[in-house]
Amino acid sequence: MLKVVLLMMIMMLGSQSEAQLNSDFYKESCPSLFHVVRRVVHRAVAREPRMGASLLRLFFHDCFVNGCDGSLLLDDTPSFLGEKTAGPSNNSVRGYEVIDKIKFKVEKICPGIVSCADILAITARDSVLLLGGPGWSVKLGRRDSTTANFAAANSGVIPSPASTLNNLINRFRAQGLSTRDMVVLSGAHTIGKAKCVTFRNRIYNESNINPSFAMSRRKSCPAANGSGDNKVANLDVRSPEMFDHSYYKQLLGNKGLLTSDQVLFNNGPTDSLVVAYSHSLRAFHRDFARAMVKMGDISPLTGSNGQIRHNCRRPN
Ligand code: HEM
Ligand SMILES: *[C@@H]1O[C@H](CO)[C@@H](O)[C@H](O)[C@H]1NC(C)=O
Ligand SMILES: *[C@@H]1O[C@H](CO)[C@@H](O)[C@H](O)[C@H]1NC(C)=O
Ligand SMILES: *[C@@H]1O[C@H](CO)[C@@H](O)[C@H](O)[C@H]1NC(C)=O
């Protein structure tokens, strides 16, 4: 009896894992995949450290719109509009050329094997590691979508920088991510830059902001709507190119750049998490790695769904 039950459990596990992602997915079919990706990411980040941030953000914007399926990378076609020009990404998400370069090299060594969605997942991990963050074992086996969804990308699934805390919590919960996941993933803003248009209201109109921080940010972000919208500032004042925990220390000092950053520490229910991550780099790194794996699990296409695109910018 016990043997039969055990056997059934093993069979169930086996059939389940067919549709699941796993880190050995390309072990036989593309053994040098990790090496090739890392080399290109390394070169891109060495040339411009901000690119590490941009590549990490690509994965977030891909996963939050209909799952981690590479849809973000598709250009407009006669039959659909891509997601690149949707509000949260237009003139802001960058790094597409680096993904093209990686895909080109990967196609040379293992043509038709590795999805663009998986390349985004590996690239995000490598970027974080290169900037001093944690590593993690990337789960693979996602396939690529054949279409993109401009309307979905504009529907608010990617939260706005003006979000309230409740808004953030709900947006992440809708993706199967907890409040803790949301707080720790927001720590990605320990690297990279934001445009004036995304933080103007915060630096001119909010009261929970350090006055000298607001003053210094105003210098490169004029008050008038539409003027200097594209001027950028570091999301983390202290160490914008290091994947450390200074993002959380900044929040304690009311120096969050975006409204959606500072709401995490504003006499609310997530204050204690912010304090914990500001104290412990280890806890931040550990939880960030876990949450990235979880984010990478959002609605992947597997099995015979989707395709392996030859060019990340268009369906085959
Ligand atoms: C919690 C909700 C989030 C909001 C409201 C948000 C919003 C933003 C905004 C407005 C920018 C600046 C874009 C620009 O001005 O061009 C930005 C940048 C960035 N975001 Fe987020 N974000 C969120 C979560 C995340 C997550 C989960 C990640 C990754 C795990 C992430 C990674 C980044 C990175 C790395 C940058 C800098 C990109 C660069 O310099 O190119 N963000 N985010
Ligand atoms: C994207 O930005 C460009 C340049 O600012 C603008 O011309 C275009 O209308 C925007 N696209 C959408 C769909 O809003
Ligand atoms: C600040 O808020 C007021 C009132 O809502 C608004 O009229 C003004 O344009 C805002 N200023 C900025 C820089 O966002
Ligand atoms: C500037 O933009 C803010 C935020 O979108 C808005 O609340 C405000 O009314 C605008 N101010 C003017 C003068 O148009």
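First listed ligand is number 1; within each ligand, the first listed atom is number 1. Along the sequence shown, residues are numbered consecutively beginning with 1.
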Under 3.5 Å, is there a donor-acceptor pair between the R173 and T179 side chains? no
With distance as the sole criterion, is a donor-acceptor pair present between the side chains of R202 and N208 under 3.5 Å? yes
Has R142 got a side-chain atom pairing as donor or acceptor with K139's backbone, closer than 3.5 angstrom? yes
Check: K195 N/O within less than 3.5 Å of ligand 1 N/O: yes
Atoms of ligand 1 less than 4.0 Å from L168 heavy atoms? 1 (C), 2 (C)
Is the centre of the F284 ring less than 6.0 Å from the centre of the Y248 ring? yes
Regarding D126 and T123, is there a side-chain donor-to-acceptor distance under 3.5 Å anywhere? no
Walk me through whether F288 and F243 qualify under ring-ring contact (aromatic ring centres under 6.0 Å, His included). CA-CA 11 Å; F288 185 82; F243 205 93; 4.8 Å; yes
State the atoms of ligand 1, each with its element, that fall below the 4.0 Å cut-off from a heavy-atom position in S160. 5 (C)
Using distance alone, decide if ligand 1 has a nitrogen or oxygen within less than 3.5 Å of any nitrogen or oxygen in R50. yes
For atom 41 (O) of ligand 1, what is the nearest protein heavy atom, given as residue, atom name and distance? S54 OG, 2.6 Å
Same cluster (ILVMFWY, side-chain, under 4.5 Å), V93 and V41: yes
Does a donor on one side chain and an acceptor on the other come within less than 3.5 Å for N90 and S92? no
Does the pair F172 and F64 meet the rule for a ring-ring contact (aromatic ring centres under 6.0 Å, His included), with working shown? CA-CA 9 Å; F172 277 68; F64 266 54; 4.9 Å; yes
For P159, take its heavy atoms, then give the atoms of ligand 1 lying under 4.0 Å from any of them. 2 (C), 5 (C)
With no hydrogens and no angle check, do the side chains of S304 and R143 hold a donor and an acceptor under 3.5 Å apart? no
Got the closest protein heavy atom to atom 35 (C) of ligand 1, with its distance? A53 O, 3.1 Å
In this structure, does ligand 1 have an atom that sits under 4.0 Å from one of the heavy atoms of F172? yes
Atoms of ligand 1, numbered as shown, that sit under 4.0 Å from any heavy atom of S260: 5 (C)
State, to 0.1 Å, how close I191 and L235 come at their nearest heavy-atom pair, and which atoms those are. O-CD1, 3.8 Å
Between K103 and E107, is the closest basic N to carboxylate O distance under 4.0 Å? yes
For ligand 2, run through the N/O pairs with the protein that fall under 3.5 Å and put one pair on each line.
| unit_1 | atom_1 | unit_2 | atom_2 | d |
| --- | --- | --- | --- | --- |
| ligand 2 | 2 (O) | N90 | OD1 | 3.4 |
| ligand 2 | 2 (O) | N90 | ND2 | 2.4 |
| ligand 2 | 2 (O) | N91 | ND2 | 2.7 |
| ligand 2 | 5 (O) | N91 | ND2 | 3.0 |
| ligand 2 | 11 (N) | N90 | ND2 | 2.9 |

With a cut-off of 2.8 Å, which protein N/O/S atoms are close to atom 21 (Fe) of ligand 1, if we only count those under it? H189 NE2
K84 charged N/C atom sitting above Y96 aromatic ring, 6.0 Å / 45°: yes
Quick check: K193 and ligand 1, any N/O pair under 3.5 Å apart? yes
Tell me if a side-chain donor or acceptor on N154 pairs with a main-chain N or O of A86 at a distance below 3.5 Å. no
Counting heavy atoms under 4.0 Å, the part of L185 that contacts ligand 1 is both
Just to confirm my output: which protein heavy-atom neighbour is closest to atom 14 (C) of ligand 1, and how far is it? S92 OG, 3.3 Å
For residues S71 and E83, is any side-chain donor paired with an opposing acceptor at under 3.5 Å? yes
